[in-house]
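Here's the structure, in structure tokens; my notes come after.
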Amino acid sequence: MTTVFSGIQPSGTLTLGNYLGALQHFVGMQEENDCFFCIVDQHAITVPQNKTELRKNIKSLAALYLATGIDPKKSTLFIQSEVPAHAQLAWIMQCVSYIGELERMTQFKDKSAGKTGVSSALLTYPPLMAADILLYSTDIVPVGEDQKQHLELTRNLAERFNQQYNDIFTIPEVQIPKVGARIMSLQDPLKKMSKSDENQKGFISMLDDERTIMKKIKSAVTDSENEVRFDRENKPGVSNLMSILSLSTGDSLASIEQTYNGKNYGEFKQDVAEAVATLLNPIRERHEELMQSDELDEILDQGAEQAQRVSYKMLKKAERAVGLGRKR
Ligand code: TYM
């Protein structure tokens, strides 16, 4: 059976970008694969977090995974810090990583640029991500476009380890969606939609209500042409809204172009907003129910147990390959 692994940081409410680029694709993969979905709280603390907020976000992310359709009977859903093998293997992966290659990661460059007191963990973030993936002999990692570079590094680190020590790690393949791999900000369509955007109008949170969604999409930046056509370079705002509509309804980009031929942006935006609200309303309601129930803790306890079982075996293999501890 093919093994799938992916992770999401609990560093704020997820955006429509997280959903369309990643989460949405996880649900369909559960039927035919052995899936592990992780709440990567140790990655989240590479930048300062408020303790109370982090706790709340961890629980909320677990509820969001379930509300979108992750089924604990089919997939293992767990919190990274509750499975010690992640941090333990991360140390070994750091030992095979070079500082130079870590400094070349665009995420590190973006997050550290112009800052003083940058944590060393921001630099060693990718070896922890490699550990997440390699512990489960993962074949496929579904992610958005922004994680591609981290995945390439994971492959390199795994190959290096296999050559230096013992051939124990599966080399994972990255899976990036054709449409929606990079949902852009509604206010600056040249920038990725991100929950850390200071301009609240730039992103749609997965928990935004219908009115907020309407308002944000209506104020999305477009262009002066009034022509609904997919052209990422010359019409980035409209193209972004088209991707959002396509992923929300299942209609192709070509059929969207046809539908809005001769129509104005007002009508188009109204439909995009309605489609997004239709998509997110049931998720928001289910999330609310789950947050009030005891179900979450049970599911996360079982997920941690299952993940511990699988990951411990691989951790021991890696430690043995390197020569750590005593031979048992
Ligand atoms: P994170 O938490 O930033 O994002 C979670 C997922 O959402 C995708 N994504 C987007 N997709 C499309 N458009 C956007 N605007 C957008 N913004 C985010 C991301 O690509 C990602 O798939 N390092 C990872 C978490 C991680 C991980 C892992 C992922 C830790 N260990 C192991 C896979 C495997 C991250 O920060 O994702």
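Nothing fancy with the numbering, it's 1 onward along the sequence. First listed ligand is number 1; within each ligand, the first listed atom is number 1. Basis for what follows: all heavy atoms, side chains included, without hydrogens, waters or symmetry-related copies.
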(message) Under a 3.5 Å threshold, yes or no: a donor from one side chain and an acceptor from the other, between Asn162 and Asp167?
(response) yes

(request) Validate the cation-pi geometry between Lys216 and Phe203: distance from NZ or CZ to the six-membered ring centre under 6.0 Å, angle to the ring axis within 45°. (result) yes

(request) Show which atoms of ligand 1 fall inside a sub-4.0 Å distance from at least one heavy-atom site of Ile133. (result) 32 (C), 34 (C)

(request) Output the list of atoms in ligand 1 that are nearer than 4.0 Å to some heavy atom of His43, sorted by atom number. (result) 30 (C), 31 (N)

(message) Please list the nearest protein heavy atom to atom 11 (N) of ligand 1 with its residue and the distance rounded to 0.1 Å.
(response) Gly17 O, 3.2 Å

(message) Please tell me whether Asp271 and Tyr260 have a donor and an acceptor in their side chains that are separated by less than 3.5 angstrom.
(response) yes

(message) Closer than 4.0 Å to some heavy atom of Ile8 - which atoms of ligand 1 meet that?
(response) 2 (O), 5 (C)

(message) Please list the nearest protein heavy atom to atom 22 (O) of ligand 1 with its residue and the distance rounded to 0.1 Å.
(response) Gly144 N, 3.1 Å

(request) Tell me which part of Val143 gets within contact of ligand 1: side chain, backbone, both or neither, using heavy atoms under 4.0 Å. (result) both

(request) State, without any angle test, whether Ser185 and Asp188 hold a side-chain donor-acceptor pair at a distance under 3.5 Å. (result) no

(message) Considering Val4, Leu16, Asp132, Leu14 one by one, which has a heavy atom nearer to atom 31 (N) of ligand 1 than any of the others?
(response) Asp132

(request) Quickly, which of Asp71, Leu296, Leu66 forms a side chain to side chain contact (heavy atoms under 4.5 Å, CB included) with Leu77? Name it, please. (result) Leu66

(message) Any nitrogen or oxygen of Lys192 lying under 3.5 Å from a nitrogen or oxygen in ligand 1? Just yes or no.
(response) no

(message) If the cut-off is 4.0 Å to any non-hydrogen atom of Ala22, which atoms of ligand 1 fall inside it?
(response) 6 (C), 7 (O), 22 (O)

(message) With no hydrogens and no angle check, just 3.5 Å: does a side-chain donor-acceptor pair link Glu210 and Asn281?
(response) yes

(message) In terms of relative ring orientation, are Phe169 and Phe161 parallel, tilted or perpendicular, with 30° and 60° separating the classes?
(response) tilted

(request) Give the atoms of ligand 1, by number and element, whose distance to some non-hydrogen atom of Gln9 is under 4.0 Å. (result) 2 (O), 35 (C), 36 (O)

(request) Decide whether Arg309 and Gln306 meet the rule of one side-chain donor and one side-chain acceptor closer than 3.5 Å. (result) yes

(request) Please identify which atoms of ligand 1 are closer than 4.0 Å to at least one heavy atom of Gly21. (result) 11 (N), 12 (C)

(request) Any atoms of ligand 1 less than 4.0 Å from a non-hydrogen atom of Asp146? List them with their elements. (result) 18 (C), 19 (C), 20 (O)

(message) Counting non-hydrogen protein atoms only, what is the nearest one to atom 37 (O) of ligand 1? Give residue, atom name and distance.
(response) Gln147 NE2, 3.8 Å

(request) Specify whether Phe5 and Tyr136 have parallel, tilted or perpendicular ring planes, treating 30° as the upper limit for parallel and 60° as the lower limit for perpendicular. (result) parallel

(message) When you compare ligand 1 with Met129, is there at least one nitrogen or oxygen pair between them that comes in under 3.5 angstrom?
(response) no

(request) Note the single closest protein heavy atom to atom 26 (C) of ligand 1, along with its residue, its atom name and the distance in Å. (result) Gly7 O, 3.8 Å

(request) Keeping the roles fixed (side chain from Asp41, backbone from Ser81), state whether a donor-acceptor pair exists under 3.5 Å. (result) yes

(request) Under 4.0 Å, heavy atoms only, figure out whether ligand 1 is touched by the backbone of Val40, its side chain, both or neither. (result) side chain

(message) For ligand 1 and Gln107, I'd like to know whether there is a polar contact (N/O to N/O, distance under 3.5 Å).
(response) no

(message) Quick one: does any side-chain atom of Lys269 pair with a main-chain N or O of Lys218 as donor and acceptor, under 3.5 Å?
(response) yes

(request) Would you mind running through ligand 1 and noting each atom that sits below 4.0 Å from a heavy atom of Tyr125? (result) 23 (N), 24 (C), 35 (C), 36 (O)

(message) If the threshold is 4.0 Å, N to carboxylate O, is there a salt bridge linking Arg155 and Glu152?
(response) no

(message) Please confirm whether Cys38 approaches ligand 1 to less than 4.0 Å, judged on its heavy atoms.
(response) no

(message) Side chain or backbone, does Asn18 bring an N or O within less than 3.5 Å of an N or O on ligand 1?
(response) yes

(message) Tell me the contacting part of Ile183 for ligand 1: side chain, backbone, both, or neither, using a 4.0 Å heavy-atom threshold, strictly below.
(response) both

(request) Determine, for Tyr98 and Arg160, whether the Lys NZ or Arg CZ falls below 6.0 Å from the six-membered ring centre while staying within 45 degrees of the axis. (result) yes

